[in-house]
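Right, one structure below, let's go through it.
We number each residue from 1, following the sequence as shown. A quick note: this is a predicted structure, and the numbers were derived from the prediction, not measured. As a basis for the values below, the full set of heavy atoms in this structure was taken, side chains included, without hydrogen atoms, waters or symmetry mates.
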Amino acid sequence: MPLTYTIDAEFGPARRGHMQLPHAVVETPVFMPVGTAGSVKAVPQDVLESLGAQIILGNTYHLYLRPGHELIRRMRGLHRFISWPRAMLTDSGGFQVFSLNELRKVTADGVEFRSHLDGSSHLFTPERSVEIQIALGADIVMVFDECTEYPADHGRARKSLEITLAWAVRSKAYFDAHKHEVPWAADLPGRTQSLFGIVQGGMYADLRRESAERLVELDLPGYAIGGLSVGEPRHLTREVIESTLPHLPKAKPRYVMGVGYPEEIVEYAGMGVDMMDCVLPTRAARHGLLFTSEGRLNIRNRRFAEDQGPADPECGCMVCRRYTRAYLRHLTAAQEPLSMVLNTIHNLAYYLDLMKAVRDAIAIGTLPSLLARVRAVSREAAGDNTTVL
Ligand SMILES: [Zn+2]
């Protein structure tokens with residue numbers, strides 16, 4: 001049995017719900033921290049649990065290259081290997097093959113690429129990507145897709161869409177034939193992974209609609225909107241999400257890949273998105289950029305040198321309860337490894353608490369005021385001349 005998804009409350013197009021996955025229940029809308037190579041960088045698993053992370057991402061491309069999916073299969077799957085008892089999702093590797101490889105070669109069969117580690121040659125096909133994801137054993141796995149670059153003209157975006165749809169059909173055929181091979185099959189009898197489809201189509205509403213409608217014919221347990229955060233202006237990201245969502249089934253979870261800033265994830269949840277992931281809170285933290293209820297702070301700024309307050313006076317995380325801005329600034333300026341740990345823990349706490357506030361606001365009907373509050377501090381942050389990466 002794949003996942004079951006239940007809607008518990010609605011506010012306009014927004015929904016609060018929960019997904020029953022093989023390893024855990026996940027409340028939605030949910031933000032998923034990115035754990036690229038079997039680790040959410042700088043944060044131990046017990047801390048992720050205490051922050052309320054319900055589901056984390058693993059990365060097929062990175063784990064396939066190192067330590068290798070067959071090793072992880074022998075360790076009885078990624079959950080056991082990294083000691084994470086809650087839910088996990090793996091991407092298909094498509095995005096990394098496109099973003100990390102200048103020398104990739106796309107054919108109808110798949111993508112040839114060179115390892116960014118040692119230059120060795122590899123081939124990802126839809127079947128191979130799903131085979132690796134079954135060995136890793138995440139609760140949710142993704143079809144292999146071609147992430148259309150930006151900008152791409154209509155003809156190029158259509159060609160890319162056709163490749164992605166053909167690969168989705170092949171991904172599903174392989175998944176249906178092999179899903180019983182997941183390493184935890186004997187531990188969780190009757191449970192299977194869930195394969196999600198990915199809508200592509202560049203920045204064109206007609207292609208996004210066609211991609212969604214043809215993908216939905218495959219009757220998958222959930223659908224993602226991919227090909228965003230590839231360098232397009234932020235208003236285009238929102239327009240593509242807005243024009244695609246009505247073509248995805250209301251009764252199934254809808255996932256937007258690779259977004260976004262705090263004000264964006266609140267807005268997209270308000271539009272009816274159930275799942276989001278982004279490297280922003282973790283990557284920004286490693287550069288000393290903190291998300292707070294007062295807006296974004298560049299903790300390196302000299303004005304924090306003797307600031308005795310916490311990073312965020314409204315945050316109850318273990319970092320804000322114990323350490324001052326002055327100390328976080330010192331650690332970051334001195335490039336102490338602890339600065340990455342503490343900054344990342346706070347940023348994840350901010351994102352995870354924000355999504356909890358979104359779920360509560362959907363249930364009690366206060367989503368517009370929450371969005372207004374988050375937008376107001378984001379404008380202040382912009383005026384603060386703080387840049388994010
Ligand atoms: Zn905090």
Side-chain angles (χ1 to χ4, degrees), residues 1-8 15-30 32 54-60 69 72-73 76-80 84-94 126-145 164-165 167-199 211-226 245 247-257 272-277:
M1 188 178 75
L3 66 82
T4 56
Y5 171 66
T6 309
I7 295 176
D8 300 312
R15 38 305 175 79
R16 177 182 176 149
H18 64 274
M19 294 186 289
Q20 174 72 60
L21 296 168
H23 288 83
V25 173
V26 170
E27 294 186 299
T28 61
V30 66
M32 305 183 285
Q54 308 178 69
I55 174 169
I56 60 173
L57 252 70
N59 192 282
T60 292
H69 63 293
I72 292 173
R73 190 201 296 273
R76 298 176 66 192
L78 194 55
H79 284 86
R80 278 178 186 261
W84 178 253
R86 297 184 183 175
M88 294 186 89
L89 180 151
T90 47
D91 68 359
S92 66
E127 293 80 10
R128 183 70 166 153
S129 168
V130 174
E131 178 198 348
I132 297 166
Q133 292 185 80
I134 290 173
L136 299 175
D139 299 87
I140 297 173
V141 299
M142 305 301 295
V143 298
F144 190 59
D145 65 324
T164 289
L165 282 167
W167 287 358
V169 171
R170 286 169 54 189
S171 296
K172 181 173 191 286
Y174 187 92
F175 179 76
D176 287 342
H178 295 272
K179 59 188 174 189
H180 60 279
E181 294 167 12
V182 71
W184 40 258
D187 303 327
L188 298 167
R191 301 284 179 83
T192 61
Q193 299 172 286
S194 292
L195 177 71
F196 278 27
I198 304 178
V199 176
S211 175
E213 287 177 348
R214 289 171 62 187
L215 200 58
V216 167
E217 289 171 15
L218 296 179
D219 193 26
L220 297 164
Y223 297 95
I225 302 175
L245 282 173
H247 306 295
L248 295 175
K250 207 183 154 189
K252 294 183 176 180
R254 305 185 291 204
Y255 165 26
V256 175
M257 307 177 81
V273 173
D274 306 300
M275 305 162 65
M276 288 170 267
D277 77 281

Any donor-acceptor pair under 3.5 Å from [X] side chain to [Y] backbone:
| X | Y | value |
| --- | --- | --- |
| Q193 | A138 | yes |
| D91 | N59 | no |
| Q133 | T60 | no |
| S194 | P221 | no |
| S129 | S92 | yes |
| R80 | W184 | no |
| T28 | R16 | no |
| K172 | L220 | no |

Taking R214 first and then E217, would you say they form a salt bridge - that is, a charged N and a carboxylate O separated by under 4.0 Å? no

Does a side-chain N-to-carboxylate-O contact under 4.0 Å join R86 and D139? no

Side chain to side chain, [X] and [Y], heavy atoms closer than 4.5 Å:
| X | Y | value |
| --- | --- | --- |
| D277 | L89 | no |
| P249 | Y223 | yes |
| S211 | T164 | no |

H23 vs H79 aromatic rings, parallel, tilted or perpendicular, using cut-offs 30° and 60°? parallel

